[in-house]
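Convention: sequence-line order gives letters A, B, ...; per-chain numbering from 1. Just so we're clear, the structure is a prediction, and the values are computed from it rather than from any experiment.
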Amino acid sequence: AQKKQLDFVVITHSATIDFWIPLVKGAQDAAAMINAFDPEVEITVRHTGPSLFNVAEQVNIMENVIQAGVHGIISTMPDPTAFDAPVQRALDAGIPVIATNADAGPDNPRMAYVGQSDFSAGQTLARNLIGLIGTSGKIAIGIEDLGHTSLQQRLAGVLDILDQTDIDYTILQTTADLTIGASMFETYLIGNADAKAIISVDANTQAHGVVIRNLGLEGKVISAGWDLVPTTLDNIRDGLTAFTIDQQPYVQGFYPVMALYLYHKYAIAPADMDSGAGVVNIDNIAEVLELAEKGYR
Amino acid sequence: MHLLNTLRSRREIGVLAALVVLCIFFTVVTNTFLTVPNILNILRQVSITGLIVMFMTMLVIGNDIDLSVGSNFATVGMIVALLFQNGTNIWLASLIGLIVGGLLGLANGLITVKAALPPFIVTLGTQMIYRGLALVISGGAPASVRLPAAFYNITGARTFWNLPVPALWFIGITILAAFLLHKTSYGFKVYATGGNEEAARLSGINTSRVRIINFVLVGMSAALAGIIQMAYLRGVTPTAGQGMELMAIASTVIGGTSMFGGVGTIGGAFIGAIFMGVVRNGLVLMGTNAYLIDLIIGAVLISAVWFSTFSTRERR
Amino acid sequence: MHLLNTLRSRREIGVLAALVVLCIFFTVVTNTFLTVPNILNILRQVSITGLIVMFMTMLVIGNDIDLSVGSNFATVGMIVALLFQNGTNIWLASLIGLIVGGLLGLANGLITVKAALPPFIVTLGTQMIYRGLALVISGGAPASVRLPAAFYNITGARTFWNLPVPALWFIGITILAAFLLHKTSYGFKVYATGGNEEAARLSGINTSRVRIINFVLVGMSAALAGIIQMAYLRGVTPTAGQGMELMAIASTVIGGTSMFGGVGTIGGAFIGAIFMGVVRNGLVLMGTNAYLIDLIIGAVLISAVWFSTFSTRERR
Amino acid sequence: MENNVLISYQSISKRFGGVQALQEVSFAVNRGQIHGLVGENGAGKSTLIKITGGIYIRDSGTILWEGNPIEVHSPLEAERYGISIVHQEIPLCNNLTVAQNVFLGKLITNRFGQPDWGLMEERTVEVFRQIGQDIDPRAKVGELSVALKQLTAIAQCLNRKSKFIIMDEPTSALTPGEVGTLFEVLRRLKAEGTTIMIVSHILSELMEITDRLTVLRNGQHVATMDTKDTSIDGIVHMMVGGITLPPPLDASSVKDEVVLRVRNLSQTRLRLKDINFDLRKQEILGIAGIQGAGRTELATTLFGVHQPSEGTIELEGRPVRIRSPRDAINLGLGYLTEDRRNLGVFWDMSVWQNMSSTIIDQLTNLRGVLDNNRIRETATGAIDQLQIKTPSIHQLIRYLSGGNQQKVLLARWLNARPKVLILDEPTRGVDVGAKAEIRRVIQELAQQGISVIVISSDLEELLAISHRVMVMANGSVKGEFLAKDVSTDEVMALAVQK
Ligand SMILES: Nc1ncnc2c1ncn2[C@@H]1O[C@H](COP(=O)(O)OP(=O)(O)OP(=O)(O)O)[C@@H](O)[C@H]1O
Ligand SMILES: Nc1ncnc2c1ncn2[C@@H]1O[C@H](COP(=O)(O)OP(=O)(O)OP(=O)(O)O)[C@@H](O)[C@H]1O
Ligand SMILES: [Mg+2]
Ligand SMILES: [Mg+2]
């Protein structure tokens, strides 16, 4: 019999960074599993998006994708309202939409959201940090891009906990450029010899290692942050960075494809799912490194 | 009429031909490119930057440049959204937004002209300042708005047989700009100022005023774009519009405007604005790898500018 | 000697005075600014962009501009890191990286000069193309490297009484560039080309060659910066160096180089490069609100350029 | 008598850095007269004019306009008083058409406030007809010859119908015929009551057209007198303290050996047709013609700026292909441009740098490192030889007067030691003293074995300086004469041939 062709598209807000590799792999693995399991369908998964963070451009791309006529959209929605209209247009055109990784909130007509709650993940980081440095002292918090919704949410989660302690924090805008990021932390640590920790709410965490090593502050300053970037994992293994928060993006790709399949096959309504906040530290680093190698983490 | 008139010049013919070739290519390789909804889609997508391109073109013809439009765009969108959230009437808020946009442009113009500094550097500085403003007033958080229908309908909606309103604004502003640049003495003064500021001044043209007005106009167009974008997306992020200035300048130059001032048309600018939108749209429709899209756009940009200047290049 | 010589001109005096005022200010309001480790820190921090500023200055004096250096920087860093990861000897990999950087610069130069297109647009296009290259070859993933000590020691380390090696490279390249621009006939030709390309050509100067060599030099300096940066950070991200071109150009202009070509010095460029680093450093030491930093930097940038041109502004 | 004065300068002073451009200059211009302003290069003529036009602000002194002190801060204000100026440096918008330039800043608009180009184009044609030119009002000024650009600037000024017209060297790019027509227009304006002040380095012109003359020297006022009470020699004496013109040429020094042989040279785009001539060793060959004759085009084609579409060029008996100015220089050619402002000077560079651009590679030691001693020797040598007035070799050329700038550029080409030197309008805008010096230098060069081609619109000078003259019109050669055998009228007759 003729197989039913289902084209799904993953749209991310900065399609060219490798963060999405596990997410897309999760989606493709799910498609492969279904294709093997169900002889009646043939699912394809394609990944697209603006090359760098740009909400307006992402909306344009979503509109173009709707125009091209696909059978399901899995999209990050790093803006509370911008995606309302295009998602509605997709639904009107009979294309189901699931939000992944970054959510626009329940007012958006998307059918479901799969991903980490940025705010609670921020709280998780802060709680773990307090476990290491106590409830007082000075720290710096780096954020790549002021105004980026997810990052601001994570920051809010971190501050929510820190504001209940005596910890004195300074916020640094590190930009996505590691040189500037490293300079900012370096300058901060030179200016604040008594600082206890530096943290980042994004992949700029990888810059911590160099700074701590160059200033000879190994063991004196705690480093923590987000995402499983190779350099960050190396830093954890080398004892320069204490821990990093993993969003487990594999799940954020895998589950939406499953949900879209079930929607097309049995009209089962997709449901929300929390992809959790995995903490990676010296205890589980070996295992994570191995999985990251394979593209699952 | 104006458009037709200005199209006669050879510069636009080159890039118009390139645009046609591009459209034929996309029509052949995708089966969705040449459909009414997609054409409307492209028009809508280019309209936000396109609004700015018109006055950027006028500014560049006057031999200036503005790198701060993207920040201006975000700041104004943010101001209007926050005023509205705090209970200001949306029409009043928009008016204030337009005025603020004009004032930010005025600041660019005054510093550039009165302190005789290169506009590239001045507006690079104000790009950072205005972006900082957007961040400070918003605290870094995006703002969402639920606009009254009357306002939404004339800014962000799709009306009249699904025609996107932003595209109508774009076309309206294009006609307005074409009139101003090609049919009034103000437009003539812009060409004179950009062609040889010294000569224009010696013959009694107040070139400082022309240049400052140009900056105000481009500032107001960025503000208008910011307001329409805010309405269309029903909200605004303080990081909106980054890199927009470069795309606006690129469209301007693709449209045949000389970066050395004195030469260019609104008709060309219109084609230039559409051109960039068509490329982006077509590439996504083709399912091009995201890693390659910017690379291809960069190459197309250079080729398009080459095309648009080819016909007028001096032969020897 | 060269530096001292070039410092005599008034343009640099203005911005040097501004730099001194700024340093005094930061010394008073913070108690860590004027300490040896912090000064070394600033030197190290400005060194990466600073390397590029020197040749960007030469390029701008020749009346060109390069917006693609940040992408070139990332591409080369990435190529060297990946070659090394795949078993290539790091010295060979670095040599290849430098050559690639030079070739990317050569491409900019050839397109700009031979197709007679504005360098702003050409290098805006190649900025996207080279960034695309970095993304394609890396698959978007950052690469980390464990470099051999010998290589690390002469690129990224801190040696000789904790002196950061990147800063030594920066100073070395500054002296080299000063020599080339101010003491050789090549430098003379750069000034002539930037001052009046037609007249230079009629004097028998091969202006095309001068301009293309300038592009190659700035490309190679971006490559060198990319390699040193990769060594210092022990890795590289494909998104590195975004916006670097604008900071390099800003430093160039702060240092007294005219955006219209023909005027500028390496001594000034050196001060300009330091200036931007001091501002960033001082603001962070002061604990300035992150939301305000870019805003302040933008304002300081405009003021600094105003200072550096103030003394030479034409009186009437 | 007093109310006969339109404008009166009283103790005007102006200083630029170390240069006292004007020092307590006082004189008056009478209503309805043509007033000549003369002085050597750098005497302060343009400075005085720019002060009148609101471009520079004087340091001290008073300007009385119809008896009342006035302050002019901008060209616009000058315009309001009815002062209109043709500046020496011909600033025009090259991107605009002739009509647009003529009406620049003075647009005629219809009742909707829109520019009425049709009307303005008609008027432009009219104004040009007055000065004896047929013009396409829609031609882009950037594509016009230097002469037409100058006429456009003049047309712009005439079009304003001002009370007081100032022309700073309006004739420097014009041929005698054009100058004649222009003077007729000026006389008519005078008859209509317009006051005119005019600067020129061609004193015979001033003797012909002016009623009164003011002489400036080193920024100081020397004298103002009625033209009929003085003579060219008298003025020269006041300006520079007397000059000696070089002795007439001795044709016997010209060798038979042909250095440059041009055969059937054509350049389609530049409308050069079938040009043939020989240039002998130590010969000075003058090329005469009116604007548009194609003399500059011939010179730049020989110099490798353009490629000939047909024909051959032989240098010292060898056929050569000249692809670029670089090639030309290597083969021993030199070319001094007629367009000093745009194609000659490096404005932000010093005197020595401007002199050295053709030989910079020779002013280095082994590895391209500049040799400061040789640079200094070469530069000071040239300054002495050409008597260039500059405080030092490091002075920026922009601070030199026009004539001295011209001498610096001449030095640039002497330094290159060419076998064949083409000088395009070498004495344009140069004062009498410097003219004589440049003439002397040209003759010395020929004596030293260099062959020189001189293009000049000053026919008298051309005939005085050359061994032989070649007349061009419409891109082809119309005739060739020994200079001593021909009169200016005979040459002009050929030059205007269709
Ligand atoms: N903007 C300026 N800055 C510095 N010096 C200047 C400036 N303008 C003129 N000068 C100097 O003032 C003096 C008078 O110059 P001016 O141009 O008035 O001479 P001129 O009589 O018009 O000479 P020419 O016949 O060569 O045109 C010269 O020494 C000149 O170098
Ligand atoms: N770049 C150009 N493209 C096309 N035509 C040109 C160009 N430059 C000059 N011409 C034309 O070539 C002809 C000759 O130019 P030009 O008037 O400069 O000759 P000339 O004999 O050197 O005169 P003069 O030196 O007295 O101005 C003119 O008709 C001019 O319009
Ligand atoms: Mg003068
Ligand atoms: Mg000529």
Side-chain angles (χ1 to χ4, degrees), chain C residues 1-2 5-6 8-11 60-63 113-114 175-210 213 217 256-265 268 309 311-316, chain D residues 14-17 50-51 54-58 73-74 300 303-305 324-330 333-337 339-350 352-365 367-372 375 396-398 409 412-413 415-416:
Chain C
M1 249 304 281
H2 313 300
N5 250 336
T6 62
R8 278 201 218 118
S9 112
R10 278 172 306 170
R11 271 186 180 248
V60 174
I61 292 173
N63 206 7
V113 174
K114 297 294 175 193
I175 293 170
L176 189 83
F179 178 76
L180 187 61
L181 185 62
H182 300 305
K183 295 286 154 183
T184 69
S185 57
Y186 180 74
F188 180 97
K189 291 176 190 173
V190 171
Y191 280 103
T193 302
N196 188 340
E197 187 173 0
E198 268 324 293
R201 194 168 8 213
L202 287 176
S203 295
I205 293 173
N206 190 338
T207 56
S208 301
R209 195 167 72 191
V210 170
I213 291 177
L217 288 176
T257 299
S258 159
M259 299 224 42
F260 308 106
V263 174
T265 61
T309 56
S311 46
T312 54
R313 191 92 24 80
E314 195 163 313
R315 287 140 303 183
R316 17 177 276 162
Chain D
K14 176 70 184 174
R15 194 179 179 82
F16 294 107
K50 286 178 181 167
I51 287 173
I55 295 161
Y56 292 157
I57 306 297
R58 61 186 185 278
H73 295 104
S74 72
T300 49
F303 196 60
V305 177
S324 66
R326 168 93 272 171
D327 283 356
I329 292 169
N330 289 341
L333 262 59
Y335 170 66
L336 177 73
T337 173
D339 190 355
R340 177 172 77 219
R341 180 181 164 79
N342 294 307
L343 306 180
V345 169
F346 299 107
W347 293 103
D348 291 311
M349 294 172 88
S350 64
W352 81 258
Q353 285 170 321
N354 269 283
M355 282 177 180
S356 309
S357 61
T358 47
I359 50 157
I360 192 65
D361 284 319
Q362 294 155 39
L363 294 177
T364 58
N365 54 32
R367 297 176 193 288
V369 181
L370 296 177
D371 182 336
N372 287 323
I375 285 171
L396 287 187
I397 194 169
R398 61 164 73 238
L409 297 198
R412 172 189 296 173
W413 289 106
N415 280 338

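- Most heavy-atom pairs under 4.5 Å with chain C, from the set D:Leu343, D:Leu363, D:Ile51: that is D:Leu343.
- The parts of D:Ser357 that come within reach of chain C are both its backbone and its side chain, each placing non-hydrogen atoms under 4.5 angstrom from that chain.
- Scanning both residues, C:Thr207 and C:Arg201, for their nearest heavy atoms gives CG2-N, 3.9 Å.
- Listed here is the closest heavy atom pair of C:Ser258 and C:Val60: O-CG1, 3.4 Å.
- Every residue was checked against the salt bridge (charged side-chain N to carboxylate O under 4.0 Å, His left out) condition with D:Asp327, not counting sequence neighbours, and none meets it.
- Ranked by non-hydrogen atom pairs under 4.5 Å with chain D, the options C:Gly187, C:Ala200, C:Gly262, C:Gly261 are led by C:Ala200.
- With a 4.5 Å cut-off on non-hydrogen atoms, D:Ile329 touches chain C through its side chain but not through its backbone.
- Listed by chain and number, the residues in a salt bridge (charged side-chain N to carboxylate O under 4.0 Å, His left out) with D:Arg58 are D:Glu71 (sequence neighbours excluded).
- Heavy atoms of other residues, nucleotides or ligands lying less than 6.0 angstrom from CZ of C:Arg209 number 12 at most.
- Contacts of D:Asn330 with chain C are absent, with no heavy-atom separation under 4.5 Å from either backbone or side chain.
- Taking D:Asn372, D:Asp339, D:Val369, D:Thr364 one by one and counting their heavy-atom pairs under 4.5 Å with chain C, the maximum is reached by D:Val369.
- Ranked by non-hydrogen atom pairs under 4.5 Å with chain C, the options D:Thr300, D:Thr337, D:Asn342 are led by D:Asn342.
- The greatest number of non-hydrogen atom pairs below 4.5 Å with chain C, out of D:Thr358, D:Ile360, D:Asp348, is found for D:Ile360.
- The two residues C:Tyr191 and C:Ile61 have their closest heavy-atom pair at CD2-CG2, 3.5 Å.
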